[in-house]
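In what follows, every heavy atom counts, from backbone to side chain, and hydrogens, waters and symmetry copies are set aside. Note on naming: letters A, B, ... go to the chains in the order of the sequence lines (proteins, then strands), and numbering restarts at 1 for each one.
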Protein chains: 2
Amino acid sequence: MNYITLLKDNNLKATPQRLSIVEELYLHGHMNVDQLYKSLLIKFPSISLATIYKNINAMLDICFLAEVKLPNAKSVYELTKEEHSHVLCSKCGDVIDITLDLSKLCEQAKEKSNYILKDSAIVFNGICPKCNNS
Amino acid sequence: MNYITLLKDNNLKATPQRLSIVEELYLHGHMNVDQLYKSLLIKFPSISLATIYKNINAMLDICFLAEVKLPNAKSVYELTKEEHSHVLCSKCGDVIDITLDLSKLCEQAKEKSNYILKDSAIVFNGICPKCNNS
DNA sequence: CTGACTGCAAACGTTTTGCACGGTA
DNA sequence: TACCGTGCAAAACGTTTGCAGTCAG
């Protein structure tokens with residue numbers, strides 16, 4: 001796995017617990033603290049919540065992970081990738097990534113705000129196809 | 001003030017403390033819990049944080065207020081108004097409203113996600129003109 | 001072998017709750 | 001007058017910290 005080198009370059013050791021967090025996020029895309037904790041408990045019955053928090057924070061610090069703040073829901077974490085937006089299902093809580101063309105939007109925002117814009121956080125709220133069919 | 005009727009219609013009494021919260025938000029636009037607490041302490045030296053929380057939650061419940069979750073900052077609250085987006089200054093923490101044309105963006109999001117979209121939360125991050133000049 | 005990581009327990013900051021009193025309608 | 005709201009104190013909750021033992025490099 002390439003991730004190991006990336007971690008080591010940032011003085012983070014590739015412990016089984018840490019790698020499992022990365023793996024879970026790789027498999028599930030977005031997870032909150034509790035979901036991560038419960039998943040890791042299966043492999044590591046004596047893992048502590050503190051370990052989860054320390055690892056998340058360490059990997060946030062080196063921008064290996066990113067936090068996604070959601071309306072009416074706990075923050076979820078994801079592996080850092082190219083810039084993208086999120087869509088949250090307000091029924092089942094599922095979160096997906098979408099890539100949007102933001103050029104026009106940023107232009108508008110720059111004009112109307114007079115701020116020097118760095119980045120944006122965009123979350124859409126709705127109902128996913130699964131929930132809509134049941 | 002028109003707000004009083006709006007509150008009463010939702011079985012919320014127009015107490016001085018509650019009205020002060022509304023007034024502060026009206027004047028300042030966006031405030032977090034601590035800022036509200038410190039502001040109200042001037043008028044009500046014995047006000048409790050619990051009162052602030054209870055009032056915010058009561059007014060959130062009736063959608064009289066809205067919460068804005070910000071990256072790397074505490075949530076702020078605002079009086080509910082037409083849909084709009086936010087721009088946060090990562091230096092001074094100031095938050096402003098901007099109205100954007102989201103039609104194109106929503107179309108894209110609908111296509112790419114297959115979700116039934118309800119609304120969106122958009123926060124830009126940058127440096128405000130004031131901070132940029134100093 | 002050394003420094004970083006884990007897991008536990010305690011500490012911490014934030015938010016919520018229960019209750020008696022006071023104020024709005 | 002009836003009920004909602006306030007303020008206080010305590011409780012609950014999520015997150016962080018300190019420490020001793022353990023493990024990765």
Any A/N55 side-chain nitrogen or oxygen under 4.0 Å from OP1 or OP2 of C/dT6: yes
Output one line per pair: protein atom, nucleotide atom from nucleotides 19-21 of chain C, and distance, for all N/O pairs under 3.5 Å.
none

From B/I52 atom CD1 to B/Q35 atom CD, the distance as rounded to the nearest 0.5 Å: 12.0 Å
Length of the CG-P vector between A/N32 and D/dC13, whole Å: 16 Å
Salt bridge B/K43-B/E23, side-chain N to carboxylate O under 4.0 Å: yes
Polar atom pairs (N or O), protein with nucleotides 20-24 of chain D, under 3.5 Å:
{"from": "D/dA24", "atom 1": "N3", "to": "A/K13", "atom 2": "NZ", "distance (Å)": "3.3"}

Rounded interatomic separation in angstrom, taking CG from A/L60 and C1' from D/dT16: 14 Å
Any B/Q17 side-chain nitrogen or oxygen under 4.0 Å from OP1 or OP2 of C/dG23: no
Within-4.5 Å side-chain heavy-atom neighbours: A/P71 and A/N125: yes
Student check: side-chain heavy atoms of A/V87 and B/K112 closer than 4.5 Å: no
N or O in side chain of B/N11 less than 4.0 angstrom from D/dC4 OP1/OP2: no
Any side-chain heavy-atom pair of A/L7 and A/F64 under 4.5 Å: yes
Length of the CE-P vector between B/M59 and D/dG5, whole Å: 11 Å
B/H86 ring center near B/H84 ring center (under 6.0 Å): yes
Test item: A/L25 and A/M31 side chains (from C-beta on) under 4.5 Å apart, heavy atoms: yes
Nearest-Å distance for atom pair CD1/P, residues B/I56 and D/dT6: 12 Å
Criterion salt bridge (Lys or Arg N to Asp or Glu O under 4.0 Å) on A/K130 and A/D94, from CA distance to verdict: CA-CA 10 Å; A/K130 260 189 200 169; A/D94 202 37; over 6 Å; no
Note, B/F44 side chain near B/T51 side chain (heavy atom, < 4.5 Å): no
Nucleotide D/dC4, atom P - distance to CG of B/L7 in whole Å: 15 Å
Test item: A/L36 and A/I56 side chains (from C-beta on) under 4.5 Å apart, heavy atoms: yes
Between D/dT17 (C1') and A/N57 (CG): distance, integer Å: 12 Å
Interatomic distance, B/N10 CG vs D/dC4 P [rounded to whole Å]: 14 Å
Value in whole Å for how far the C1' atom of D/dG14 lies from CG of A/L36: 15 Å
Side-chain touch A/E83/A/D119, heavy atoms, less than 4.5 angstrom: yes
Close residues, residues 42-52 of chain B, relative to DNA chain D [heavy-atom separation under 4.0 Å]: B/S46, B/I47, B/S48, B/A50, B/T51
